[in-house]
**Q** 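Before I ask anything, let me first share the structure, which is written out below as C-alpha cells.
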Amino acid sequence: MQSFLIISLIFIVFIFILFGIPVYASLGLTGLISLIMLSVTKGSPLALQVMSSSVYTGVSATALLAIPFYILAGIIMNKGGITERLINFALLLIGKMPASLAQANIVASMFFGGITGSAQADTSCIGGILIPAMIDQGYSPEESVGVTVSSSTCGPIIPPSIMMVVFAVTVNCSIGALFLGGAIPGIMIGLGLMLVVAFRDQKYHFPRRTESFTKEERRKIIKEGFVPLGMPIIIVGGIMTGVCTATEAGALAVVYSLITSIFITKTVKISDLWGMLLEAGAQSGAILMIIASAKILAYSLSALQMGSLVADMFLSFTTNKYVFLLLLNILLLIMGMFMDGSAALIILAPIFQPIAATLGISTIHLGVIMVLNLIIGVGTPPMGACLFIASKISGISVERCAKGIVPYLIGELIILFIVTYLPITVTFLPTLLGYVV
Amino acid sequence: MEEKKSDFFKTFDNLIGHLENIGVGITFAGIVILVTVCVFYRYVLKSGFMWSAEVQEVLVVAMAMFGCAKATREGGHTELTALTKLFPRTGRVAIRTITSILTVIFLAVFVWTSYKYTISSGMLKTIMLKIPYKYFYMWLPIGMALNLYEFIKRIPDRIKNDPPEEY
Amino acid sequence: AEGTIAAKYSVVFPATGTQADGANKLGEFIKEESDGRIEMEFYPSSQLGDKIAAMEGMIQGTIEMSEFSATDFSNYDSMWSVCSLPYLWDSGEQAIEVFTDTEVTAFMEEKVEKCGMKIIAWQNLGSRSILNTKHAVNEPADLNGLKVRCMQDSILAGTINAMGASATPLAWGECYTALQQGTIDGVENSEPVLLANGMQEVAKYLSLTEQFIIPDPVVVSKVWFDGLSEEDQQAMLKAGEDYTKWYNEELWPNAEQEAQDALIEAGVEVNEVDKEVFKEAVQPVIDDYLSSATEDQKAFYELLVKVRDNQ
Ligand code: NA
Ligand code: NA
C-alpha cells in the first residue's frame, strides 16, 4: 500500500511537470496531494501546516543564501565588463589550445566549486559569466550549458562539501576522511569532462584562438586581469584563512564585484545597482521556491517511510556486493533526479550504511558514491537545480539544456562506475593520511 | 468607462509591481549588508551580533517570496513545454487551461493555509530578539498572494499564446 | 500494522549514536507498556522538519512526539530561559533529579500544557564544555581572543563572553569546516555531541568548563494525548517513566564515558579546570538576569534552586 502511494506520488509530480505546470507549483501541488493521502491512510489529522513550515524552512536555510549571493555577483560582474576581462585572461593562459573557453570553464569549476562546495553556486557564478561568453564566441547554447552544468558537479565532490558534511553527520563517520575520499574522484570528474570536450572538439571544431596576442595586448590583458582574479582570491582566501564561511564569501563576492566595477573599471553606476538587485532577486526567488516546495513532498515521502521500504526491496534482490552497488547507483541516479541531494542523503544514508557495512563496503566509499550519484541529478531534468539556473542564464529551454548535457553526462557516468568499482580511488588519500576506512 | 477601468487597473498593477520591486530590492540589499557587516565584526573586531541570524532569516524569507512573485510577473519561473508542444491547438488550449487551474488551486490553498499558519503561531517568539514568529511567517501569505495575482493575470496569455517558444 | 496507533517521533539528532539508541528503546518501552497498541515511528535528522516545525506539529496534533532542549520552550514561554543559566547544576544527574521531582513536575505541567505539549520523560545530556583549536584553557584569561561558537541565546552568549571568550553566532552544521579553516576557534557542547559531529578531527583541546547543563525533555502532543484512551495515556506515561530511568541510569553514563575515551583516543587533550573561577566570572550574568526577571522566571528559578539545595 505504502509503496503504491510512493510510486503514484512520483508519477504525479512527473506528469505535472511534463504538462507544463511551473516546477515549483508541480512540487507543491503533489506535496498537497501527498499530505491528503497521508492523512487518509494513516487516519491522522491533515497536516496542512507542513506546507508552510516546509516552504519556510526551505527558503530560510542559511546554506542556500549562497545562491542569491552568487547570482547577484555574477550579474554585477557581467554588467561591469569583468567577465570579458576574465575570459581574455583565461584565453591568454590557455593559449591556442582547442576549445579553450570550454576547457577554461571546467578548470574554473574545479577551482571555484571545489571551494564553495555547492554545485548551484558554481553554475550561478561561473555559468553567469561563461555561458554568455561561450555563446558569444560561437559555441551553441546547448554546448555551453552542457559544459557548465556538468562541470559544476565537481564542487560537492572536491572538498570542502556541504553534502559530505550532511552524509558524515547522518551516519556518524569521519568528515575529514570523507573530504579526502572525494578529492581524487572530484578531480577525475573534471579531467573526464575535459576529455569529453577534447573528443567532441575532434568532431565539432569548437572555437579556438588562431592569432597570437601582441605584446601590448598581453600587457593590457594581464593588467586588466587583476580585477576578476581578485574574486577567487577573495573567496578562496577568505574561506581558507577563516575570514568567512563559504556562504558568507558570497556576500563578499558581491561587495567586491560592486566596488571594483564602480570604482576601478567604472563600468557600473550606483544607479544601476537597483536594477541588478531586482534581476538577481527574481531569479533567486524562482530557484529558492523550487527547493522549498520540494520539501513538502519530502515530508510525506519520509512519513510514508520510503526509506525502509527501499531497504527491504534491495535486500530481497541481492546480497552480492557488486550487484548491490549497481542497484544502488541506479536507484540513487533516479532519486537524484527527483530530490534535493541533501534531503535524499538524510533519508537514504542511514538505510544503506548498515547494508553496505554487512557487504563489506567502507562507509567512506559509500559516502562518496552516494554524493556523486545524487549530485549528477542537479544537472538532469526534471528537477535539476543547476539545469534550471543554466536555462535561466542561457535563455534557452530546459529541454534544450538537457540535450546539451547528454554527452557530458555519459562522461560523468563512466567516472562514476570507475569510482564505484575501484574503491582505491576513494580510500587511497584518507588511508595515506592515517584514517581508518 | 471601459478606458477608465483599464486605466485604474494599470495604475493598480504598476503599484503592485513597485511593491514587489521594493520588497525584493530592500531585503536583498539588507542581507548583503548584514552578512558583510557580520563578517567584518567577527574577523576584525572579534565580536558578533547574536541577533544577526534572526534578522537574516526574516529578510531572506521576504526576499524569496517577493522574488517569487516578481519572477511570475516576468515569466521567470521554470516550466517545461516540450510535451505540450506535441499536441494540436485544441489539446494545447485544454492542457494550458487545466494546468493553469491546478496552479491557481495550489497557490490559493497555500495563501490560505500560510495565513492560518501565521495567525496560529501565537506565542511563538524568536529567542534573541523576542520577535513574534508571525512577523516572519506573514511573508508567506503576502508573497504568495502577490504571486497568485501575477499568475492569474498571466493566464489568458498562457492559454492564448500556447506554450511560448522559450519562456 | 492495522489497528495500532502510530506516534511519529520527530527529532533533529541523527539516526545513529547515543540519542538514536535511546529513541529506539523508547519505542520498545511504548510498545511494551501499551501491549502493542501504540507504535512509535522514529524520524531522525529533521526528516519531518526542525524543532520549531515539530513543536508546531505537536500543537496541531500532526506530530505526536518530539524531544529538544528544555530551553527550546522559551520560543513559547520566556520562563524557560531560566534553564540557560550557567552553573545551575553540579551535574546532569542532579538536573534530572530536580526536573523529575514531583513539586517541579507539578509546576511545569500547566506551563507546558499551555504550549500544547506534555512532558513524558527527561534525558541527561551531560554538560557543555569548550573544545578549541588553540590551547588548553585553565582560567578565563586563556579564553581571551578565542571565538567560540554559541547558540543564539543572550544568556548563553553572555556567559561565554563573561568566561573570557568572544561568543560567535554560527549554524551548528558549519562548525566543522569553520573550525578547520579558523573562522572560529572553538565550540561548546557535550562530549557525545562533539564526537558525533567529528569535532575531535579539527580541534584538539577540550577543557571541562562544564558551563551549561541543560537536559532534554521528551514531549508528546497534548491534543493527541488527550484523544488517547485512559489506558493508553497511562501506558505512555509509564513508558516515559521507565525510559527516564533506563536512559539516565544505564545508557547515558556509559555513553558519556565512552565518548570521552574516544575523544582522548583521537588525540584530544582533555583537562579539568577550576570551575570556581569561571563561576565567579559568570555571576554577573546570573545577577543581571535575575534583576530583570519576570515573576514566572523568578518563581521557576527559586523553585529549582530550592529543590536542588534540599537534595
Ligand atoms: Na567542494
Ligand atoms: Na563550469
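Below, all heavy atoms of this structure are taken into account, side chains as well, without hydrogens, waters or symmetry copies. Numbered from 1 within each chain, the chains take letters A, B, ... in sequence-line order. Everything numeric here is computed off the predicted structure, so don't read it as measured data.
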**Q** Taking only Lys NZ, Arg NE, NH1 and NH2, and the carboxylate oxygens of Asp or Glu, determine whether A:E248 and B:R42 approach each other closer than 4.0 Å.
**A** yes
**Q** What option among B:I105, B:T118, B:V60 has the most heavy-atom pairs under 4.5 Å with chain A?
**A** B:V60
**Q** To the nearest 0.5 Å, tell me how far B:F110 CZ sits from A:L32 CG.
**A** 11.0 Å
**Q** With a 4.5 angstrom heavy-atom cut-off, could you sort out which part of B:L107 is near chain A: side chain, backbone, both or neither?
**A** side chain
**Q** Using every non-hydrogen atom in the two residues, find where A:M289 and B:C68 come nearest and quote the distance to one decimal.
**A** CG-SG, 3.5 Å
**Q** Pick from A:V59, A:I287, A:V243, A:V254: which one has the most heavy-atom pairs with chain B under 4.5 Å?
**A** A:V243
**Q** Check each atom of B:T72 against the heavy atoms of chain A and say whether the ones under 4.5 Å are side chain, backbone, both or neither.
**A** side chain
**Q** Going from CD1 on A:I21 to CG on B:L102, what distance comes out if it is rounded to the nearest 0.5 angstrom?
**A** 4.5 Å
**Q** Rounded to the nearest 0.5 Å, what separates atom CZ in B:F40 from atom CG in A:L252?
**A** 12.0 Å
**Q** Quick one: of A:C244, A:G250, A:S284, who has the most non-hydrogen atom pairs under 4.5 Å with chain B?
**A** A:C244
**Q** Do we see a donor-acceptor contact under 3.5 Å between the side chains of B:E57 and A:Y56?
**A** yes
**Q** Between chain B and each of A:I290, A:L72, A:L288, count heavy-atom pairs under 4.5 Å; write down the option with the most.
**A** A:L72
**Q** So what's closer than 4.5 Å to chain A heavy atoms on B:I26: side chain, backbone, both or neither?
**A** both
**Q** Give the minimum heavy-atom separation between A:S52 and B:S114, together with the two atoms involved.
**A** OG-CA, 3.3 Å
**Q** Considering all heavy atoms of both residues, which atom of B:V35 and which atom of A:A251 are nearest to each other, and what is their separation?
**A** CG1-CB, 3.6 Å
